[in-house]
Amino acid sequence: MTNAPLKVAVLISGRGSNLQALIDACAQPGFPARIVRVISNEPDVFGLERAAQAGIPTATINHRDFPNRHAFEDALHAQLVGDGVEFICLAGFMRILTDIFVERWLNRLINIHPSLLPAFKGLHVHEQALEAGVRFSGCTVHYVRPAMDSGPIIVQAAVPVLQDDTPDDLAARVLLAEHKAFPLALKLIAEGRVTLANECVMIKGAEMPRLPLLNPSEE
Ligand code: GRF
């Protein structure tokens, strides 16, 4: 007997390219998760159109319509519970969530961040990476914890930083990596292969990647 797919909500604030990667992954036969709702805190963003085109129910919960963060998050929570959501993916969701919300959804809430955490938290991540002169950057999918851009790391993908990169060049290269990393993390979780031990993620049957990735390469 196969398990029912994990019921997922994706929270967005913008163009939703990561949302699209998750939609495409969930459309694959046998993918162990299903997106039951897409919620945006910003009205009229392209991500909502992507969801509608895929036939996924959407909701706009505009934080500006609420007197404070708690009231906004109560509305978010009510929508999620009403939809029978079991798991939340933050895909470019640009609101900081309070400890109360994070605790309510603890270990059922993941985020994607466009750097190799714990390096380069917050905003202007690619500028930070270029200023630091790192040879690699990338992205991180992690469980959400109350402190911003922290929490157990599930998947990371590395990309080289090139000498002439602008922040936009690097962002575009990292974004391609994000579109692989986020569906992979969701799949591993939905397959029940991810466990936590002392706030570190263990993945059953994880494959060793090819090594080493050098930048510049030897050849
Ligand atoms: C991504 O770079 C993501 O890592 C960050 O916000 C961006 C969202 O892009 N948190 P998109 O809306 O998924 O295209």
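Whatever order the structure lists them in is the order used to number ligands and atoms, beginning at 1.
- Distance alone, capped at 3.5 Å, is enough to place a donor-acceptor pair between the R50 side chain and the G16 backbone.
- Counting heavy atoms of neighbouring residues, nucleotides and ligands inside a 6.0 Å radius, atom CG of D44 does not exceed 12 of them.
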Give every donor-acceptor pair under 3.5 Å between a side-chain atom in residues 118-133 and any protein atom, sequence neighbours left out.
unit_1: Q128; atom_1: NE2; unit_2: K121; atom_2: O; d: 2.9
unit_1: Q128; atom_1: NE2; unit_2: L123; atom_2: O; d: 2.9

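- When the options R15, E178, Q20 are ranked by their closest heavy atom to atom 1 (C) of ligand 1, first place goes to E178.
- In terms of protein heavy atoms, atom 12 (O) of ligand 1 is closest to G16 N, 2.9 Å.
- Shortest contact from atom 8 (C) of ligand 1 to any protein heavy atom: G92 CA, 3.6 Å.
- Comparing A91, G14, A171, S17 by heavy-atom distance to atom 11 (P) of ligand 1, the nearest is S17.
- Without hydrogens or angle criteria, E73 side chain to T98 main chain gives a donor-acceptor distance under 3.5 Å.
- Scanning the protein for heavy atoms near atom 10 (N) of ligand 1, the closest one is I112 O, 3.2 Å.
- In terms of polar-atom proximity, defined here as any N/O pair under 3.5 Å, N18 does make such a contact with ligand 1.
- Summarising the geometry, atom NE2 belonging to H63 is positioned 5.5 Å from atom CD belonging to E42; distances are rounded to the nearest 0.5 Å.
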